[in-house]
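Numbering starts at 1 and runs along the sequence shown. In each ligand, atom 1 is the first atom listed, and ligand 1 is the first ligand listed.
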Amino acid sequence: MAVSIDLKPQENRSVLAERALAGAAIPAAPQALGEKPSLIGLSREELGEALAFVGVGPRQIKMRVAQLWHWLYVRGVADFSQMANVSKELREKLSAAFTIARPEIVTEQISVDGTRKWVLRFPPRGAGRPVEIETVYIPEEGRGTLCVSSQVGCTLTCTFCHTGTQRLVRNLTPDEIVGQVLLARDRLGDFPDAATPAGAIVPSEGRLVSNVVMMGMGEPLYNFDGVKAALAVVSDGEGLAVSKRRITLSTSGVVPMIEKAGAEMGVMLAISLHAVNDTLRDELVPINRKYPLKELLAACRAYPGLSNARRITFEYVMLKGVNDSIEDAKALVQILKGIPAKINLIPFNPWPGSAYECSDWDQIERFADTVNQAGYASPIRTPRGRDIFAACGQLKSESERMRKKDREAVAAAG
Ligand code: SAH
Ligand code: SF4
């Protein structure tokens, strides 16, 4: 893996940040030798190839693909033996060659406000090591939002974000991204036809995963292919069926990929704006040095399918004394002129060692009023799951620490 250079974390992070700013691709995890590939996250065509690989004849492929798709994404089975209308012989062949296992749960935490956070572990890929990521479920009145990770860590180094202090370990693969959705639906008892798994936490109001936001760890547009493949599966009407209007991809501003995301993924777009001039945005969101505001906003104006019914969400983290003045609010309205937009004000979520403070509540409300009076919806995002470190920007996995432990284990063994 190109990213496992053995440097001190801080050095490695900046090397990777530079590389990301230079636009270099970060590879997805290669498949380990001897490790069974997963059928999760494949397109129908790829699933057909997998079936052909185990000897299914060409005339049966389409029907078998439809059967598998139903078992995987409507019934939510995680074991080939449960696929009742698939012959035992084929089930055995499939299970010898492939896996449909869920990610391993390292921890499951429930916040006092009902937010749930899972730390999930994925097996080593290629010469790599196991990695851990976080997935968060946020129940709200009338809907349930799953916040999904796209990378282990992040190459970008936004100064207010905890994930940004963790170097990038690797991109997640489509099966690992879709696996987060499957696992959450399992744990919530959200596959209506499946038996509720032992230990599942079924919310009392029976809330389901109705919305998916690519707002967990990582920059989704730096894992374009992985995220695109995964979201195609998540939005497939004959499977998990989360409508594209209920899937939001949040980007820090990878300008060259924005139009492509709209054209090829067709999901809702959120932009992590956070500042209204380049000087401040260069500091808060360093990718701005490569793609400044003017280019970012031009890409937003050109976003395919943009209309008053399909607005772009601009996320704006409220940092006390940094970007929260009324002048900032007025400038915000100015720069967004002409873009069908919604402005999501996010109270800053602190994390150990962070250099910022959250704006005072009065100031957040004044800011929201100014934006609102200019005709933009400007909801203030209620911080969720702060007590379990599940809130925006607080996610940071233990992969780094594991790496150190792994190294020590190897050293001890040698
Ligand atoms: N990398 C993508 C998506 C993940 S971050 C992006 O940057 O858009 C999801 C959102 O949480 C982003 O808007 C991000 O800027 C915001 N965020 C990060 N750290 C935060 C913090 N400490 N408090 C509040 N919001 C934060
Ligand atoms: Fe990465 Fe997004 Fe955090 Fe910036 S805000 S460091 S892009 S996860």
Exercise for the section: List the steps and the verdict of side-chain hydrogen bond (donor to acceptor under 3.5 Å, both in side chains) for Asp282 and Asn288. Expected result: CA-CA 5 Å; Asp282 280 352; Asn288 195 70; 2.8 Å; yes
Fill in the blank from the handout: Ile346 heavy atoms within 4.0 Å reach ligand 1 at atoms 24 (C), 25 (N)
Practice task
Start with the C-alpha distance between Lys342 and Glu315, add both sets of side-chain angles, then the distance that settles salt bridge (charged side-chain N to carboxylate O under 4.0 Å, His left out), and finish with yes or no.
Solution key: CA-CA 9 Å; Lys342 182 174 115 176; Glu315 296 159 286; over 6 Å; no
Exercise for the section: Cation-pi check, Arg187 to Trp118: give yes when NZ or CZ is under 6.0 Å from the six-membered ring centre and within 45° of the ring axis, no otherwise. Expected result: no
Handout entry: His274 and ligand 1 - part of the residue with a heavy-atom distance under 4.0 Å
Key = side chain
Exercise for the section: Indicate, as side chain, backbone, both or neither, the part of Cys161 found under 4.0 angstrom from ligand 2 when only non-hydrogen atoms are considered. Expected result: side chain
Practice task
Mind checking whether Glu219 contacts ligand 1 via backbone (N, CA, C, O), side chain (CB onward), both or neither, at a 4.0 Å heavy-atom cut-off?
Solution key: both
Practice task
Take Arg116 and Glu108, measure what salt bridge (charged side-chain N to carboxylate O under 4.0 Å, His left out) needs, and give me the verdict at the end.
Solution key: CA-CA 7 Å; Arg116 284 138 212 229; Glu108 177 175 67; over 6 Å; no
Practice task
With rounding to the nearest 0.5 Å, note down the distance linking CG in Leu183 to CD1 in Ile40.
Solution key: 11.5 Å
Handout entry: Best match, Cys154, Ser354, Pro347, Ser272: closest heavy atom to atom 13 (O) of ligand 1
Key = Ser272
Exercise for the section: In plain terms, say whether Asp113 and Arg384 are close enough for a salt bridge, that is, a side-chain N and a carboxylate O under 4.0 Å apart. Expected result: yes
Practice task
For atom 8 (S) of ligand 2, state which one of Pro286, Ser250, Gly253, Cys154 supplies the nearest heavy atom.
Solution key: Cys154
Problem - Residues forming a ring pair (Phe, Tyr, Trp, His ring centres under 6.0 Å) with Phe224, sequence neighbours excluded - result: none
Exercise for the section: Using non-hydrogen atoms of the residue, decide whether His162 is closer than 4.0 angstrom to ligand 1. Expected result: no
Completion exercise
With heavy atoms and a 4.0 Å threshold, my read on which part of Asn349 contacts ligand 1 is both
Practice task
Taking only heavy atoms of Phe160 into account, list the atoms of ligand 1 that are under 4.0 Å away from them.
Solution key: 15 (O), 17 (N), 18 (C), 19 (N), 20 (C), 21 (C), 22 (N)
Problem - Within-shell test, Gly218 vs ligand 1, heavy atom, strictly < 4.0 Å - result: yes
Practice task
Kindly indicate, with the supporting measurements, whether the criterion salt bridge (charged side-chain N to carboxylate O under 4.0 Å, His left out) is fulfilled by Arg44 and Asp236.
Solution key: CA-CA 10 Å; Arg44 283 190 173 73; Asp236 188 286; 2.7 Å; yes
Problem - Atom CD of Glu238: over 12 foreign heavy atoms under 6.0 Å - result: no
Fill in the blank from the handout: Within 4.0 Å of some non-hydrogen atom of Gly216, the atoms of ligand 1 are 4 (C)
Problem - Per-atom contacts of ligand 2 with Leu156, taking only distances under 4.0 Å to non-hydrogen atoms - result: 6 (S), 7 (S)
Exercise for the section: Could you tell me whether Arg143 and Glu140 have a side-chain N and a carboxylate O separated by less than 4.0 Å? Expected result: yes
Practice task
Check each atom of ligand 1 against the heavy atoms of Thr251 and keep those under 4.0 Å away; list them by number with element.
Solution key: 6 (C), 8 (O)
Completion exercise
Counting from 1 in the order shown, the ligand 1 atoms closer than 4.0 Å to a non-hydrogen atom of Cys161 are 18 (C), 19 (N)
Practice task
Could you establish whether Trp351 and ligand 1 come within less than 4.0 Å of each other, counting only heavy atoms on the residue side?
Solution key: yes
Handout entry: Atoms in ligand 2 with a heavy atom of Ser252 nearer than 4.0 Å
Key = 7 (S)
Exercise for the section: Could you tell me whether Ile271 approaches ligand 1 through its side chain, its backbone, both or neither, with non-hydrogen atoms closer than 4.0 Å? Expected result: neither
Exercise for the section: Find out whether the Lys NZ or Arg CZ of Arg91 is both under 6.0 angstrom from the six-membered ring centre of Phe80 and within 45° of the ring's axis. Expected result: no
